[in-house]
Amino acid sequence: MTASDKKQIAFVLYPGLTPLDLIGPLQALAPLPRVDPTFEVVVVAERRDVVPSDSIVGLAPSHTFDGVPSPFAIVVPGGGQPTLAACGHRPLIDYVATAAANAEIVMSVCTGALILASAGLLDERSATTHWAYVDILELLGAKPVRERWVEDGKYLTTAGVSAGIDGGLYLASRLVGEEAAKIIQRGLEYEPEPPFGPIDWDPAVVEALRPIWRGPLAEVVAEHPYLDRAARLGGAP
């Protein structure tokens with residue numbers, strides 16, 4: 001089997017993303033070729049340079065966008081302010097839109113959903129993202145759902161950061177079966193027991209903590225006007 005015959009799962013890398021958004025599901029899906037050699041897992045970016053993340057470390061892609069034009073699946077990680085900026089970076093948005101057009105699976109992690117929505121892929125679709133960015137996701141035309149992961153057609157979106165591991169394991173079960181996915185989960189020793197127990201999702205708590213992660217919606221849109229999909233479609237710059 002040649003490389004062109006492989007079912008490529010392309011993880012998208014761009015400046016400033018959160019490493020765990022990419023590495024979490026990557027660890028869950030990287031073993032797939034050992035289970036089914038028809039799969040190939042790659043990391044793609046605009047160029048082959050090392051890309052800075054939001055957590056000190058740099059990450060290097062295995063391929064450029066041009067090298068993987070039609071992946072079987074595409075996975076788009078998220079982050080904070082750099083991801084909001086990435087939503088307006090045309091080469092990235094164009095690649096995601098083009099790759100997703102023929103992909104059988106389109107997945108996002110955390111605010112990666114905002115990139116999918118910016119590419120026009122989540123219009124009127126149920127989707128999830130990091131809790132602090134749900135209103136932006138809605139502004140971009142999606143229907144936010146408060147779940148760990150959400151499927152709508154070929155689109156699989158996951159909530160914040162660590163939820164990408166859940167989504168990756170779920171996707172692995174779809175592609176190579178539940179038993180193989182359970183073996184991967186065991187290999188990762190993924191059995192969360194957070195030291196402080198479950199998160200308090202009281203809406204008042206969520207709203208009080210949102211400013212830690214980002215500014216008010218009006219300020220975000222003023223800085224990144226392309227995040228207001230309705231305004232764009234209405235002819236705003």
Side-chain angles (χ1 to χ4, degrees), residues 12-24 45-46 51-59 75-94 96-97 107-150 157-164 167 194 196 199-237:
V12 178
L13 182 59
Y14 58 88
L17 56 69
T18 298
L20 185 57
D21 279 17
L22 185 146
I23 298 299
E46 189 175 351
V51 174
S53 74
D54 67 3
S55 303
I56 303 173
V57 300
L59 301 168
V75 182
V76 182
Q81 175 65 27
T83 298
L84 298 181
C87 288
H89 185 58
R90 185 48 54 188
L92 172 65
I93 297 303
D94 287 348
V96 169
M107 176 177 168
S108 66
V109 181
C110 191
T111 54
L114 303 183
I115 292 177
L116 297 188
S118 295
L121 301 174
L122 297 182
D123 290 358
E124 296 301 313
R125 292 188 179 277
S126 297
T128 191
T129 189
H130 189 285
W131 57 267
Y133 295 83
V134 169
D135 52 350
I136 300 176
L137 183 62
E138 185 172 24
L139 196 64
L140 284 166
K143 297 179 178 179
V145 178
R146 180 65 231 170
E147 297 289 349
R148 192 74 170 162
W149 75 85
V150 175
T157 56
T158 73
V161 194
S162 63
F196 310 116
I199 294 173
D200 181 359
W201 291 115
D202 182 287
V205 174
V206 170
E207 288 304 316
L209 293 177
R210 193 190 305 272
I212 294 174
W213 299 93
R214 42 150 281 222
L217 184 60
E219 292 182 9
V220 172
V221 172
E223 184 175 0
H224 307 283
Y226 44 80
L227 293 175
D228 187 345
R229 185 163 177 76
R232 288 209 324 271
L233 292 176

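The CG atom of L92 sits 8.0 Å away from atom CD of E46, with the distance rounded to the nearest 0.5 Å. The structure places OG of S162 at 4.0 Å from CZ of R148, a figure rounded to the nearest 0.5 Å. Separation of atoms CG (L139) and CG (L114) is listed at 10.0 Å; rounding is to 0.5 Å. Atom CD1 of I23 and atom OG1 of T18 lie 11.5 Å apart (nearest 0.5 Å). Summarising the geometry, atom CD1 belonging to I115 is positioned 10.5 Å from atom NE2 belonging to H89; distances are rounded to the nearest 0.5 Å. Annotation: the span from I136 atom CD1 to L84 atom CG amounts to 5.0 Å, rounded to 0.5 Å.
Remark: side-chain polar atoms of S126 are not paired, donor with acceptor, to backbone N or O of P144 under 3.5 angstrom. Although no hydrogens or angles enter the test, the distance criterion places a donor-acceptor pair under 3.5 Å between the side chain of R210 and the main chain of A132. With T128 contributing its side chain and R146 its backbone, the two residues share no donor-acceptor pair below 3.5 Å.
Nearest approach of P77 to D21, heavy atoms of both residues: CB-CB, 3.5 Å. When every heavy atom of G78 is checked against every heavy atom of Y14, the shortest pair comes out as CA-OH, 3.3 Å. Scanning both residues, L137 and A117, for their nearest heavy atoms gives CD1-CB, 4.2 Å. The two residues A127 and T157 come nearest to each other via the heavy atoms CA-OG1, 3.3 Å. Scanning all heavy atoms of the two residues, the minimum distance from T83 to G79 falls at OG1-N, 2.8 Å. Minimum heavy-atom separation, S118 to L140: OG-CD1, 3.8 Å.
A heavy-atom distance below 4.5 Å is found between the side chains of D123 and R229. Counting heavy atoms from C-beta on, the side chains of V109 and L22 never come closer than 4.5 Å. Using a 4.5 Å cut-off on side-chain heavy atoms (C-beta onward), P19 and D54 make contact.
Not counting sequence neighbours, the partners of H224 by the side chain to side chain donor-acceptor pair (under 3.5 Å) test are Q81, Y226.
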Side-chain donor-acceptor distances from residues 199-206 under 3.5 Å, at least two apart:
| residue | atom | partner | partner atom | Å |
| --- | --- | --- | --- | --- |
| D200 | OD1 | D202 | N | 3.0 |
| D202 | OD1 | A204 | N | 2.7 |
| D202 | OD1 | V205 | N | 3.4 |

Check the pair L17 / V51 against side-chain contact (heavy atoms from CB on, under 4.5 Å), numbers first and verdict last.
CA-CA 9 Å; L17 56 69; V51 174; 5.8 Å; no
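Residue pairs meeting the side chain to side chain donor-acceptor pair (under 3.5 Å) criterion with at least one member in residues 130-141, sequence neighbours excluded: D135-R214.
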